[in-house]
Amino acid sequence: ETGVTQSPTHLIKTRGQQVTLRCSSQSGHNTVSWYQQALGQGPQFIFQYYREEENGRGNFPPRFSGLQFPNYSSELNVNALELDDSALYLCASSLPLTDTQYFGPGTRLTVL
Amino acid sequence: SQQGEEDPQALSIQEGENATMNCSYKTSINNLQWYRQNSGRGLVHLILIRSNEREKHSGRLRVTLDTSKKSSSLLITASRAADTASYFCAPRSNDYKLSFGAGTTVTVRA
């Protein structure tokens, strides 16, 4: 157990809808990253938040956005869902000034 | 950023045998990390090796790093059925993010 939880476990949406995925990190983990993992691929970095501000972003469009809260929880929001957004979404948190990331179990999003 | 590339894509071994997988990357790194993923679930951190280290051990895991060849290897000794998983390397440059390759899928046969 990594102490990182994600909700919901599974989600089905239709194209064009919006979705919010949630992540709860361990206390003290002030850095959280979000990844998208398509079937058979490795996780792809979406963005990272540090102390409630975005401090890095991968090659994802602006319709992917996030929030980080003072209680070590965070959200990933995706607007105007597309079929290719179907994937496992992973959040990972880490302690300050450390490199090891602790992953949650992921949310499986299916877009129909 | 840069992406690790694991080789082979898939590996099938008998229980008790050793499993070796390799990772290559392109630019200079701060450290390189290995993660395991079981059946599409969350990733679990296995080991981190820094750029000034050449070898590191953790239980049945042995990781090597050759910065001159920009490569790393992960050895799992005396494999068990529970080692069946996908293994990913993640080179970390001086930026903040991990970049994963497609991974090596290891199957341990009883």
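All heavy atoms count here, side chains included; hydrogens, waters and symmetry mates do not.
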Inset, instruction - Decide whether A:Q101 and B:Q33 meet the rule of one side-chain donor and one side-chain acceptor closer than 3.5 Å. - result: no
Inset, instruction - Check whether more than 12 heavy atoms from other residues, nucleotides or ligands sit under 6.0 Å from atom CZ of A:R51, and answer yes or no. - result: no
Legend entry - CZ (B:R60) with more than 12 external heavy atoms under 6.0 Å: yes
Inset, instruction - Please indicate whether B:N52 has more than 12 foreign heavy atoms, meaning atoms of other residues, nucleotides or ligands, lying under 6.0 Å from its CG. - result: yes
Legend entry - Heavy-atom pair with the smallest gap, counting every atom of A:Q37 and B:F88: NE2-CZ, 3.7 Å
Legend entry - Side chain, backbone, both or neither of A:Y35 within contact of chain B (heavy atoms, under 4.5 Å): side chain
Legend entry - Minimum side-chain heavy-atom gap B:Q37-A:L88 below 4.5 Å: yes
Legend entry - Contact origin within B:L43 toward chain A - heavy atom pairs under 4.5 Å: both
Inset, instruction - Check whether any side-chain heavy atom of B:Y35 lies under 4.5 Å from a side-chain heavy atom of A:P43, and answer yes or no. - result: no
Legend entry - Heavy-atom neighbours of B:Q9 CD exceed 12 at 6.0 Å: no
Inset, instruction - Would you mind checking which part of A:Q6 comes under 4.5 Å of any heavy atom in chain B, side chain (CB onward), backbone (N, CA, C, O), both or neither? - result: neither
Legend entry - B:R41 CZ to A:F103 CZ distance, which is reported to the nearest 0.5 Å: 14.5 Å
Inset, instruction - Taking the side chain as every heavy atom from C-beta outward, state whether A:D99 and B:L98 have any pair of such atoms under 4.5 Å apart. - result: no
Legend entry - Neighbour count >12 (heavy atoms, 6.0 Å) for atom CD, A:E53: no
Inset, instruction - Say whether B:I29 and B:I47 are linked into one hydrophobic cluster, either directly or through other cluster members, by side-chain heavy-atom distances under 4.5 angstrom. - result: yes
Inset, instruction - Group every Ile, Leu, Val, Met, Phe, Trp and Tyr by side-chain heavy-atom contacts under 4.5 Å, then state whether A:Y89 and A:V19 land in the same group. - result: yes
